[in-house]
Amino acid sequence: MGIKIAIVGASGAVGGEFMRLIEQCNFPAAEIRLFGSSRSAGKEYKVAGQLCKVEELQDNDAFRGVDIAFVSAGGDTSRKYAEVITRHGALMIDNSSAFRMAEDVPLVVPEVNPTDALVTPRNIIANPNCSTIQMVVALHALNKITPLRQVHVATYQAASGAGNLAMEELRQQVRDEAENRPLEVNKFAHQLLYNVIPHIDVFADDDYTKEELKMYHETQKILHSSIAVSATCVRVPVLRAHSEAIWVEGERAITPEEARRAFEAQEGIVVVDDPKQLRYPMPLLAADQDPVYVGRIRQDIAHPGGITFWCVADQIRKGAALNAVQIAEWLIAHGRFAK
Ligand code: A2P
């Protein structure tokens, strides 16, 4: 069976990962089209053995015949072009935050709520926020022990979450620092090298950032629960892979042994938890890998019955492109594109 796909935002960090994944996953792509703005239009990429030229995203009928459009070109582009992309029946799997909380758009993590992807009145499925994706896979495992009520999380988010130019800014700061040149700051509010920045996305009226509020609202939508998530989201000078320290409380007490068994049984999770051997998840372990890594599992000494753990995943893969490709694969396996 051949699926006709489009990748919108091909020149970006997530777009590049889509192209690699299509090849690595042997995705059944009969035709691959690439889209971008006028900045990258005409650029050529080799994807799964096919030479593909970037087309400029415009208000036209270019998406006629496309089955799935993987879109990662920012919220404004998604909002502006959603109708163009979907008007001839293409399914848009959108990586931006533009449609995540819309009632008629499912928000899907395949290990957690795959069947939500079956109802797509607008032909749009939203990929959750990167920090939310890895956290909900872990919460889903614990939720099977007892319904979770409350979560506290502190994130340690890599530069990759802000795109290719942000990763390049961090690399450039390393080079400039080594050569005693002044450091340039464009993509972040402050210098990231030798620093951590407790500020991702813009501040909302309640002094949480929008990134932190995404973790609150998106988790409820994905888990179909009233679980309360209080997050502090922090940018750290890591290139790719986000880390999270997480504290959870359920309706009943959870033991560390139960939590470990639940994590080990959860599709998508790899437990790395042997502190005596200095083994625990880290961004350098997770970079370029598919799983959500969980470790440092222990009883919360500040809340008897609560569990605290550490969770790391590659933001560009499971936090973005891989999750979207897994949604498409699940739908293909369930007959969505049978012709
Ligand atoms: P382009 O390079 O052609 O402007 P990142 O997240 O790594 O910063 O990448 C953002 C991606 O979004 C790039 O591929 C960029 O393409 C794409 N993009 C941004 N604005 C538009 C737009 N108006 N139309 C199409 N693609 C866009």
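For this chain, numbers begin at 1 and follow the sequence in order. Order of appearance sets the numbers: ligands from 1, and atoms from 1 within every ligand. Source: prediction; values computed, not measured.
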[atom] - nearest protein heavy atom and its distance:
{"atom": "atom 9 (O) of ligand 1", "answer": "Gly12 CA, 3.3 Å"}
{"atom": "atom 18 (N) of ligand 1", "answer": "Ala73 CB, 3.7 Å"}
{"atom": "atom 2 (O) of ligand 1", "answer": "Ser11 OG, 2.6 Å"}
{"atom": "atom 11 (C) of ligand 1", "answer": "Ser72 O, 3.8 Å"}

- Query: Which of the numbered atoms in ligand 1 are below 4.0 angstrom from a heavy atom of Gly36?
  - Reply: 3 (O), 25 (C), 26 (N)
- Message: Could you tell me, atom by atom, which parts of ligand 1 come under 4.0 Å of a heavy atom of Leu57?
- Response: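 This gives 24 (N), 25 (C) as the contact atoms.
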Ligand 1 and [X], any nitrogen or oxygen pair closer than 3.5 angstrom?
{"X": "Ala13", "value": "yes"}
{"X": "Gly9", "value": "yes"}
{"X": "Ser40", "value": "yes"}

- Task: With atom 5 (P) of ligand 1 as the reference point, say which of Ala166, Gly163, Ser160 has the nearest heavy atom.
- Result: Gly163
- For atom 21 (C) of ligand 1, which candidate among Asn164, Thr77, Val71, Val54 holds the nearest heavy atom?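 Among Asn164, Thr77, Val71, Val54, the closest heavy atom to atom 21 (C) of ligand 1 comes from Thr77.
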- Message: Strictly by salt bridge (Lys or Arg N to Asp or Glu O under 4.0 Å), give each pair with a member in residues 316-329 just once, sequence neighbours left out.
- Response: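 Checked against salt bridge (Lys or Arg N to Asp or Glu O under 4.0 Å) - neighbours excluded - the pairs reaching residues 316-329 are Glu17-Arg317, Glu111-Lys318, Asp290-Arg317.
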- Pick from Glu184, Glu169, Glu168: which one makes a salt bridge (Lys or Arg N to Asp or Glu O under 4.0 Å) with Arg175? Glu168
Do [Y] and [X] meet the salt-bridge criterion of a basic N to acidic O distance under 4.0 Å?
{"X": "Glu218", "Y": "Lys214", "answer": "no"}
{"X": "Asp273", "Y": "Arg298", "answer": "no"}
{"X": "Glu258", "Y": "Lys144", "answer": "no"}

- Taking all atoms of both residues into account, what is the closest heavy-atom pair of Val196 and Pro198, and its distance?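 Heavy-atom minimum between the residues: O-CD, 3.8 Å.
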- Who pairs with Lys53 by side-chain contact (heavy atoms from CB on, under 4.5 Å), at least two apart in sequence or on another chain? Glu44
- Take the angle between the ring planes of His199 and Phe203 and call it parallel below 30°, perpendicular above 60°, tilted in between.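 Because their plane-to-plane angle lies in the 30° to 60° range, the rings of His199 and Phe203 count as tilted.
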